[in-house]
Amino acid sequence: MNLSCQVLTILLSVLIGISSLSAQAQSQTARIKIDTERVIGEVHPHVFGNFAEHLGRCIYGGIFDEGSPLADADGFRKDVMEATRGLGVTLLRWPGGNFASGYNWKDGIGPRNQRSPRPDHAWGALESNRFGTDDFLRYCERLGVEPYLCINAGLGTIEEARQWVEYCNETRDTQWSRERRKNGREKPWGVKYWGLGNEIDGPWQLGHKNAEDYAKFALEAAKAMKRSDESIKLIASGSSNFRPGWDWIGWNRTVLERLKTEIDYISLHTYIGNRDNNFEKFLAVSRDIDHRIEVVEGLIKAAQSGRVNPQPIYIAFDEWNVWYRARGGTEFEIGRTGLEEIYNYEDALAMGMFLNSFFRHAHIVKMANLAQLVNVIAPIFTNKQGMYLQTIYFPLAEYAKQRGNQALDVLVQSPEYKPDNGRPLGYLDVSATHHANSRQVYLNVLNRSEKMDITAHVANAEGKLASTIEVWELNHPDLKATHTFGGDTKVRPATRTVNVSLAGNGFPYTFPKRSLTILKLRLQ
């Protein structure tokens, strides 16, 4: 063979190799196996909770907008209420957040015009107190959602916390039930869920405490609050930070050990962001979310070890979201941004990543609260003329349709990558739920590959699958696409019904690159 032929042969081999690698980059194969007997636990409705804090325009100009033609007689924005119902919210946490650690609930009751404004030392604003306890609870009642009140465990007292429970829930004729009746509410509000403070481990928090001091305060507050109403459910303030060097495990261990006989939940918080503009690394955070949940579950088991019939303790992931743009150095600088994060398409995909993790841990994560509801790091955004839905709204609303279903332990084999030079991670992030009465399985699949479509063989262990499936798909070519007023249709899900080719008890399905798909399967 002469030199020119050898060169041609080598060149042809290289081209074939490049072509093969290109084809491989375009599509990879995976395997997903569903077994309806492998139940993790119920997807509790309260996993679709939300959060409203006195911060920026969440309350004033968002939920509550006195004098607006878009508000009802109570000052509640009707368009926001309609959007909240569409979002599937089941539980609403209030009044904070950092705001709670400096808030006295007594400032926000009685006739509005007699309430005094107070400085908000959490975020650097002036709090008018025109929206308070009765206003919030009336709002929850109007929406049909469960209220969740967070006490002031920073600058507040145990007695103030006990009196707040009495004001809301007491049926007998007492000082604070009389005060409630005087303010127009004869029947008790019956608030069931109470948080024992917010992020008290954080040095930024008003009344910051170490783990031992917080546990002592929270234990006595829990005892006093239950003397007013023994039926309430209590959420302990878990560690709010997972940065290197932060002893979040030690904090949670101490809190659980001291409060294990009094609490029903321990809270976790996390916010994520794509600061270095690395899409695949951004959506690899599920690995950290899974890890934190599993470590805290282990701490709960350790605290309960050796006890006969210990009181169940669950995880309340009561602050979570994408948040990294609307930030500043100090809390006051952050407050001045209003935390008005504008979300894009990749942030919408992150909603599926979070919820997949919560579903995979449905036995222990029984509450979760997206932070927040409107304007402030929120799926709903308003101005005086109207509102629009941010990109993150749509996956939240769709996943909420699975509340009450049984989460399933799904077998997933997927092409892998190393997002941060650490251990490998599958490109397909998957959860599944089963609704037994309708014999429907929801398969939730996030393809976090930026460049590869992935074809998976989807199989069902037992029970014949129907060949017709319903598809919900969120897909957009621009990862940075956002919405605005009058333009919130750009990043919207597509729905369709397709017939699949069943082979045995499975079928192939191609999940597009950087997309979120929910397949609704029916077992015949």
Side-chain angles (χ1 to χ4, degrees), residues 29-48 88 90 286 289-290 293-294 297 312 314-315 351-368 395-414 426-447 454-474 493 495-511 515-524:
T29 58
R31 180 175 173 235
I32 300 173
K33 186 176 181 182
I34 301 162
D35 186 343
T36 57
E37 292 187 341
R38 294 184 64 85
V39 174
I40 298 170
E42 181 199 20
V43 176
H44 198 284
H46 289 165
V47 168
F48 301 97
T90 55
S286 61
I289 298 167
D290 290 345
I293 292 170
E294 289 157 13
E297 180 184 6
Y314 300 108
I315 290 172
M351 300 299 103
M353 179 193 67
F354 272 105
L355 289 165
N356 281 348
S357 181
F358 298 160
F359 283 16
R360 288 193 295 266
H361 300 90
H363 64 294
I364 192 71
V365 177
K366 294 297 184 181
M367 182 187 294
L396 295 168
E398 191 64 23
Y399 269 80
K401 296 174 183 177
Q402 298 178 56
R403 62 181 179 265
N405 289 3
Q406 296 296 315
L408 302 179
D409 182 11
V410 183
L411 172 67
V412 181
Q413 295 173 338
S414 162
Y427 273 121
L428 295 187
D429 183 78
V430 182
S431 71
T433 70
H434 178 222
H435 188 268
N437 290 343
S438 64
R439 297 185 60 76
Q440 290 178 326
V441 172
Y442 296 76
L443 185 63
N444 312 300
V445 181
L446 170 65
N447 182 355
I454 297 178
T455 300
H457 180 72
V458 180
N460 184 53
E462 187 175 350
K464 185 174 175 58
L465 286 171
S467 61
T468 300
I469 64 174
E470 296 176 39
V471 180
W472 180 98
E473 183 183 296
L474 192 66
T495 58
R496 59 186 180 272
T497 301
V498 299
N499 290 316
V500 295
S501 299
L502 288 172
N505 208 23
F507 61 91
Y509 192 90
T510 300
F511 298 97
S515 69
L516 180 62
T517 306
I518 300 177
L519 301 182
K520 192 173 178 181
L521 316 175
R522 187 179 295 277
L523 301 176
Q524 293 184 344

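When all heavy atoms are compared, the tightest approach of I454 to A30 is CG2-CB, 3.8 Å. Listed here is the closest heavy atom pair of L502 and A466: CD1-C, 4.2 Å. I293 approaches I315 most closely through the heavy-atom pair O-CD1, 3.6 Å. For V39 against T36, the heavy-atom pair with the smallest separation is CG2-O, 3.5 Å. Of all non-hydrogen atoms in P395 and L516, the two that sit nearest each other are CB-CD2, 3.8 Å. Residue V43 comes nearest to Q402 through the heavy atom pair CB-O, 3.9 Å, listed as atom of the first residue, atom of the second, then distance.
Atom CD of E462 sits in a sparse spot, with 12 or fewer heavy atoms from other residues, nucleotides or ligands closer than 6.0 Å.
For E42, there are no salt bridge (charged side-chain N to carboxylate O under 4.0 Å, His left out) partners two or more places apart in sequence or in a different chain. By the ring pair (Phe, Tyr, Trp, His ring centres under 6.0 Å) test, Y509 pairs with F511, sequence neighbours left out. By the ring pair (Phe, Tyr, Trp, His ring centres under 6.0 Å) test, Y314 is found to be paired with no residue, residues two or more places apart in sequence or in another chain being considered. Every residue two or more places apart in sequence or in another chain was checked for a salt bridge (charged side-chain N to carboxylate O under 4.0 Å, His left out) with K464, and none qualifies.
Proximity of a side-chain donor or acceptor of T495 to a complementary backbone N or O of W472 within less than 3.5 Å is not detected. Checked by atom type and distance alone, the side chain of N505 pairs as donor or acceptor with a backbone atom of N460 at under 3.5 Å.
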Apply the test side-chain contact (heavy atoms from CB on, under 4.5 Å) to residues V500 and T468: give CA-CA distance (whole Å), side-chain angles for both, the deciding distance (0.1 Å), then the verdict. CA-CA 6 Å; V500 295; T468 300; over 6 Å; no

Checking side-chain contact (heavy atoms from CB on, under 4.5 Å) for the pair K33/Q413: CA distance, chi angles, key distance, verdict? CA-CA 9 Å; K33 186 176 181 182; Q413 295 173 338; over 6 Å; no

Does the side-chain contact (heavy atoms from CB on, under 4.5 Å) test come out yes or no for L523 and L465, once each step is laid out? CA-CA 5 Å; L523 301 176; L465 286 171; 3.5 Å; yes

Could you give me the CA-CA distance, side-chain angles and deciding distance for L411 and R31, then say whether side-chain contact (heavy atoms from CB on, under 4.5 Å) is met? CA-CA 8 Å; L411 172 67; R31 180 175 173 235; 3.4 Å; yes

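Side-chain contact between L355 and L396 is present, with heavy atoms from C-beta onward closer than 4.5 Å. Under the 4.5 Å side-chain criterion, counting only non-hydrogen atoms from C-beta, Q440 is not in contact with H434. Between V445 and I32, the closest side-chain pair of non-hydrogen atoms falls below 4.5 Å. Looking only at side-chain heavy atoms (C-beta outward), L521 and I34 come within less than 4.5 Å of each other. Counting only heavy atoms from C-beta outward, the side chains of L443 and V458 approach each other to under 4.5 Å.
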Could you go through residues 403-410 and list every donor-acceptor pair under 3.5 Å that involves a side-chain atom there, pairing it with any protein atom two or more places apart or in another chain?
residue : atom : partner : partner atom : Å
R403    : NH1  : A400    : O            : 3.0
N405    : ND2  : T433    : OG1          : 3.1
D409    : OD2  : R38     : NH2          : 2.9

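No hydrogens or angles considered: a donor-acceptor pair under 3.5 Å links the side chains of N444 and S431.
Put simply, OG1 on T497 and NZ on K520 are 9.5 Å apart, with the number rounded to the nearest 0.5 Å. If you take OG1 on T517 and CD on E473, they are separated by 4.5 Å, rounding to the nearest 0.5 Å. I518 contributes atom CD1, which lies 12.5 Å from atom CD1 of I469 (distance to the nearest 0.5 angstrom). Taking OG from S414 and CG from N447, the interatomic distance works out to 7.5 Å, rounded to the nearest 0.5 Å. Taking CE of M353 as the start and CZ of F358 as the end, the distance is 9.0 Å to the nearest 0.5 Å.
Pairs of residues two or more places apart, or lying in two chains, that qualify as side-chain hydrogen bond (donor to acceptor under 3.5 Å, both in side chains) and include a residue from residues 358-368 are D290-R360, E294-H361, E297-H363, R360-D429.
Residues Y399 and Y442 keep their aromatic ring centres 6.0 Å or farther apart.
Between E470 and R522 there is no salt bridge, since no side-chain N of the basic residue sits under 4.0 Å from a carboxylate O of the acidic one.
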